[in-house]
Amino acid sequence: MQDDLYQLDAPQSSEKSEQAILENLNDSQKQAVSAPLQNMLVIAGAGTGKTRVLVSRISWLIKVCNILPRNILAVTFTNKAAGEMRQRIGAVVGEFLEKQLWANTFHSVCLRLLRSYAPQAGLRPGFTILDTDSQSSLIKRIMKELLPNFKELKPSEIASKISTLKENRYRAQDYIDRGRLLEKNYFDEISKIYAAYEQVCIQENSVDFSELLLRTVELLEKNEAIRNLQHSRFKEILVDEFQDTNALQYTFLRLMAGPTCHVTVVGDDDQSIYGWRGADYTNMKKFVKDFDNVQKIVLALNYRSSQNILDVANCLISENNDRMMEKVLKGTNGQGSKVTIYNCPSDLFETDTVSRCIESLHNKGEKYRDMAILYRNNYLSLGFEQKLTRFHIPYVMFGGQKFFERAEILDALSYLRVLVNEDDDTAALRVINVPARKIGPKVVENLRAICQERNCSVLKAITLLKTYVAEGGNQKELVSLYKKVQPFLEIVESLKAKRTELPLNEFVDLMLNVTGLYTFYQEKDAKEGKVDAENSRVSNLGALVSNVKDFVISYENRTLNEDSLLDDNQDPLLTYLSNITLASTAELKEDGSDENTADAVNMMTVHSSKGLEFKYVFLVGFEQDILPSKRALTSDKYMNEERRLAYVGVTRAKTKLYISYARQRSLFGKTNPAGASPFLREVVRTLSENETKPYEISNALAFYS
DNA sequence: ATGTTCCTTCTTTTT
DNA sequence: GAAGGAACAT
């Protein structure tokens, strides 16, 4: 604390700070970091030190421009990026100042605002966030009720349709009024479901992911006082991965930035790979138009890859016809070794070749953790998993079955959600019969009839039944209905009573016992013969408890500033649930197996590799119909995005890149002819003219014994 | 209400 | 080829 206060009182040493912050930056980086206060667009190619610039710029604002951290808002796309940024800024400006900075994802910034202004935003305090799974099950429920015979669209498809509509600012009524033109198919069904969905969400006091954004935008638009409050607070706003923002996030940004605020956005149109879920890199163009005097800075000096890799990358991306600007990455690490292209007779040869190559690299002293296998589709990982296992090569997979999407975890969280928000029927209905309590569809139907009649939640309906029975009500159906659901109510009530008595982690442990989830999943594990297995359901529940424990510790240590006082009404459980729903991914490390300690080959999709780098990269399955995906052939737009995806894959490599494709591939039990990706053909056609080709083609057959 | 078998599906994924 | 969902039987 002493040190922190010292730092706080010592902004005068700014000349020294200046030097320290600008040290080891190149000219354009320096230009961006030390620019006068203004709106800025930083176009940062792959590996050009984008995060470094952002972190340095924020440090500069704090240490040199003497802007208070609380007047700065840094928005990122993922929690991981936000955490990393906070940590790196903390290292420069000290923890004390770092803690006052808002560095968060779009969604959690919106959540914070909505929690602070719930009533003004049309929400009741304690609202819960719908995860993807809950959203689908809610829609499924609505469809069953409203359109039992409508099978043409899956609940998840409707869910993403609704998300897209929200991202384009269509509420259900807007869609009904003026959406018919947008829709070729199923307009009536979608609008009916959307309208009902909107209503149920309000009833249940829950918001989905897009709703967090949309509601905040609406709040800021219609409430001038709240908007002005944000304007007087945020003097500098910075956005990372700007090419990934969607229309709604862009609107949010415009609303948050007041007349005296400066906005800096950093991004790379060539790395926009989330267009399929609403990301629109033309926001970069819009930004220049909509904001005043935007200073444009281009970073093209690449610190990551050897020149051969960059030559391939530059050539690849140059084929795109919708780029914002011609950008040629120039390396700083010398020519390096050539990119190896493996031409494999079949997918079996491919996995074999890659495994052998990894083995020989390892034998030469390279670490497994410096290598990565990147693929377009998750199903391509299977063959590599098998082959690597046979070669006794350790690997870690990113993505895949996510911890917080597992059934047992979602069950546990649903119980917790009911405790926090008793209107959350989606959560209640998920677990009302888990573990099995003889509450089937019939009982649920009867309950919901009461809900409709009384316009109340499921839990409330059960409570009403209880009162009815206690007061000597004697209608047979109601009494027997109550008997059926009584155990569930008792569990919820007893948990409610104990909630405040115990530390949260102990409470969650207790909950798992009281509800019977532990026993239920123990039996399930036993039936499948995976008792004590690392990925058993019970051990996952255990991991949940320790995750809660970690949360409790950090929650108790949090610094109480004016924002956290506004937050969450001081209910740690509500905070935990919100955090978890907005966190997902690999946030929860399998305890013990810290990724730094385990030396293992990394396996992931190209999408999830964005932002990462590895010494050795194997870009596999670089084939027609895979990369580019079969479905991309329909339009130039999709094709360009696929090419950017390939570009992202290529630019992950530092020292050496291996690209492989098979001439035939077994897929879902069937063997089909395959072949090199047209992207690869483009590159080879263009670069083969060069005297010194940056690549070499290797016939994988020679490897196979 | 629950257990069993058959049938469909098979990009990418964060929040 | 495996997993999740729906229809069917117990």
Side-chain angles (χ1 to χ4, degrees), chain A residues 75-82 104-111 129-137 140 144 151 154-157 159-160 163 166-167 207-214 216 241 244-246 248-249 252 272-279 374-383 385-386 398-402 404-405 407 432-444 484 524 527-528 578-587 604-611 621 625-633 638 641-642 644-646 648-649 666-671:
Chain A
V75 195
T76 62
F77 232 74
T78 66
N79 289 295
K80 202 176 144 209
N104 254 320
T105 63
F106 277 102
H107 288 84
S108 56
V109 170
C110 289
L111 174 67
I129 303 168
L130 281 181
D131 58 90
T132 318
D133 210 271
S134 307
Q135 196 186 9
S136 294
S137 77
K140 197 170 165 185
K144 234 184 201 157
K151 297 268 146 67
K154 285 179 282 180
S156 60
E157 287 170 328
S160 69
S163 285
K166 286 186 181 181
E167 275 157 22
V207 293
D208 62 37
F209 290 127
S210 325
E211 186 73 24
L212 283 171
L213 260 307
L214 180 52
T216 309
E241 305 277 16
D244 283 337
T245 50
N246 62 35
L248 201 48
Q249 287 158 336
F252 170 73
S272 159
I273 56 176
Y274 287 106
W276 51 274
R277 64 174 199 212
L374 307 181
Y375 34 81
R376 173 65 174 85
N377 301 333
N378 269 315
Y379 61 71
L380 289 173
S381 73
L382 204 80
E385 288 175 69
Q386 290 167 348
F398 288 64
Q401 168 70 285
K402 305 216 188 57
F404 287 104
E405 282 167 17
I432 195 167
N433 196 35
V434 179
R437 301 190 178 90
K438 301 188 192 297
I439 300 173
K442 262 262 147 56
V443 176
V444 172
K484 290 242 164 85
K524 222 167 192 178
K527 232 177 246 169
E528 285 164 35
S578 310
N579 283 358
I580 283 311
T581 315
L582 290 185
S584 68
T585 12
E587 307 259 305
M604 68 191 81
T605 62
V606 181
H607 277 96
S608 46
S609 76
K610 199 177 74 169
D625 292 347
I626 292 180
L627 184 53
S629 154
K630 211 183 242 161
R631 304 190 191 192
L633 296 170
Y638 294 130
E641 180 150 318
E642 293 291 312
R644 292 193 291 267
L645 189 56
V648 167
S666 303
L667 201 53
F668 310 129
K670 268 202 179 124
T671 304

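In what follows, chains are A, B, ... by sequence order, proteins preceding strands, each numbered from 1. Everything quoted here is computed from the prediction, not taken from an experiment.
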Can any side-chain N or O of A/Arg376 pair as donor or acceptor with the backbone N or O of A/Pro628 at less than 3.5 Å?
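Flag not set: sc A/Arg376 to bb A/Pro628 has no pair under 3.5 Å.
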
DNA chain B: 5'-proximal contact among A/Thr78 and A/Pro441 (nearest heavy atom):
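On the 5' side of the pair lies A/Pro441.
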
Under 4.0 angstrom, heavy atoms only, what part of the nucleic acid is [X] near: base, sugar-phosphate, or nothing?
X        : answer
A/Ala632 : nothing
A/Thr132 : base
A/Lys484 : nothing
A/Lys610 : nothing
A/Ile439 : sugar-phosphate
A/Gln135 : nothing

Under 4.0 Å between a side-chain N or O of A/Asn246 and OP1 or OP2 of B/dT15?
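No, A/Asn246 has no side-chain N/O under 4.0 Å of OP1/OP2 on B/dT15.
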
Nearest whole angstrom, please: distance from the [atom2] of [N] to the [atom1] of [X].
X        : N      : atom1 : atom2 : result
A/Lys524 : B/dG3  : NZ    : C1'   : 12 Å
A/Arg631 : B/dC10 : CZ    : P     : 6 Å
A/Glu157 : B/dT11 : CD    : C1'   : 13 Å

Ring-base stacking, A/Trp276 with B/dT12 (5.5 Å, 30° cut-offs):
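It does: the two rings, one from A/Trp276 and one from B/dT12, meet the stacking criterion.
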
With a 4.5 Å limit on heavy-atom distance, are the side chains of A/Lys610 and A/Asp244 in contact?
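A side-chain contact exists here, since the closest heavy-atom pair is under 4.5 Å.
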
What I'd like to find out is whether the side chain of A/Phe209 reaches to under 4.5 Å of the side chain of A/Thr132, using heavy atoms alone.
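SC-SC contact between A/Phe209 and A/Thr132 confirmed.
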
